[in-house]
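Contents: one structure, followed by commentary.
Counting starts at 1 for both ligands and their atoms, in listed order.
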Amino acid sequence: MDTKIIQVDEQHIQEELLRQAGGIIRAGGLVAFPTETVYGLGGDALNPGSSKKIYAAKGRPSDNPLIVHICRMEDLAYLVKEIPEAAVKLAEKFWPGPLTMIFHKSEAVPPETTGGLDTVAVRMPSHKAALAFIREAGGYVAAPSANRSGRPSPTSAKYVAEDMAGRIEMILDGGDVEIGLESTIIDMTEEEPVILRPGYITKEMLEEVLSSVGEDGTMMADNCRQAPKAPGMKYRHYAPKGSLMIVDGEEEQVTAYINGQTERLRKEGHKTGVIGTDATIARYRGDVCKSAGDRDDERTIAKELYRILREFDEEEVTAIFSESFDTAGIGQAIMNRLLKAAGHHIIHL
Ligand code: AMP
Ligand code: MG
């Protein structure tokens, strides 16, 4: 299959191009598109055949449900059994935006889209080209991240093409994404809404709207006996090809430890990599050293993390060490993804 790559500009929406892209979805095909979080791999959420194609293109296990993207609040009712009052409040505050809510699904949503679950995850993204595309596609676009299963989510169209060229009809290239980590997922089917996956919208932000919000106990844990409620969280996600170890501790100890390890491993024939921050990166002596951004503004780190993991793959780095990050605010989402990428390989000095 020849994959068409088309430039889209959030500031100047080209209706005709998006109509063409929407037509592909209506006809049962797949189109990758930019959102504010990461690139999505879109198909018609109401067409079981489209969802099957998404799983095939990603190489994703079919028990891992997709998120349904909408472009108007009034379209939510068609997908769900009921809309709890708390969900209306969250939507008013955070939609369009990087928040996914889970509801009991209506008959309209095929089980192929929800991985066989009787609940459905729904999000309204804020990216303007994404909203126009969803409208042209018929209003209901199922879209997981547009990476091959097990690879970091794509934060630019270049990485979508790396994973998906030849497998899907079209890629809408909207440049680099704004946030760089996937949406926060919150389960609205419980009496007390529960966060299943941390993201840009933090627990504190949600608690400004709702009095109490829970957290899935498996979110940051390793080897938990309990299965995570968001099925995707059980898979080893976001993994670079090289080994990755997180090193936690006082700044000076961390630098010294990582320099010792990279020196030792280089002698053993490894190509070594380091993920540091703007303030520390010059001190490292690994073969490939990359700053994830500014510790004082962790949004910069969220934005760069997946790109950096992919670059270590491109440069064939075989042993990577990363500094650890604070788990306050968006830091929780950063550490959640980094721990998964590292297979929970962390050392506390
Ligand atoms: P991705 O779009 O790649 O970020 O993957 C979507 C993720 O959303 C899945 O891996 C699940 O973890 C989660 N998800 C989607 N639908 C549901 C649902 N009905 N219940 C719980 N988690 C869900
Ligand atoms: Mg994903």
Between [X] and [Y], does at least one N-O distance fall below 4.0 Å, as a salt bridge requires?
{"X": "Asp313", "Y": "Arg310", "result": "no"}
{"X": "Arg151", "Y": "Glu162", "result": "yes"}
{"X": "Glu304", "Y": "Arg307", "result": "yes"}

Among side-chain atoms of Glu252 and Tyr257, is any donor-acceptor pair under 3.5 angstrom?
no
Numbering as shown, the atoms of ligand 1 that approach [X] to under 4.0 Å (heavy-atom distance):
{"X": "Asn64", "answer": "9 (C), 10 (O), 11 (C)"}
{"X": "Ala121", "answer": "15 (C), 16 (N), 17 (C)"}
{"X": "Leu117", "answer": "18 (C), 19 (N), 20 (N)"}
{"X": "Ala143", "answer": "2 (O)"}
{"X": "Ile185", "answer": "8 (O), 13 (C)"}

Using the salt bridge (Lys or Arg N to Asp or Glu O under 4.0 Å) rule, pick out the option among Arg337, Arg197, Lys340 that qualifies with Glu182.
Arg337
Using modelled atom types and a 3.5 Å cut-off, is there a donor and acceptor pairing between side-chain atoms of Ser183 and backbone atoms of Pro98?
no
Donor-acceptor contact present, side-chain Thr3 to main-chain Ile168, <3.5 Å:
yes
Do any of the N/O/S atoms of Ser153, backbone or side chain, fall under 2.8 Å from the Mg ion (ligand 2)?
no
Return yes when Arg60 approaches ligand 1 closer than 4.0 angstrom through a heavy atom, no otherwise.
yes
Polar-atom distance check: Arg197 versus ligand 1, any N or O pair below 3.5 Å?
yes
Any N or O on Thr119 sitting closer than 3.5 Å to an N or O of ligand 1?
yes
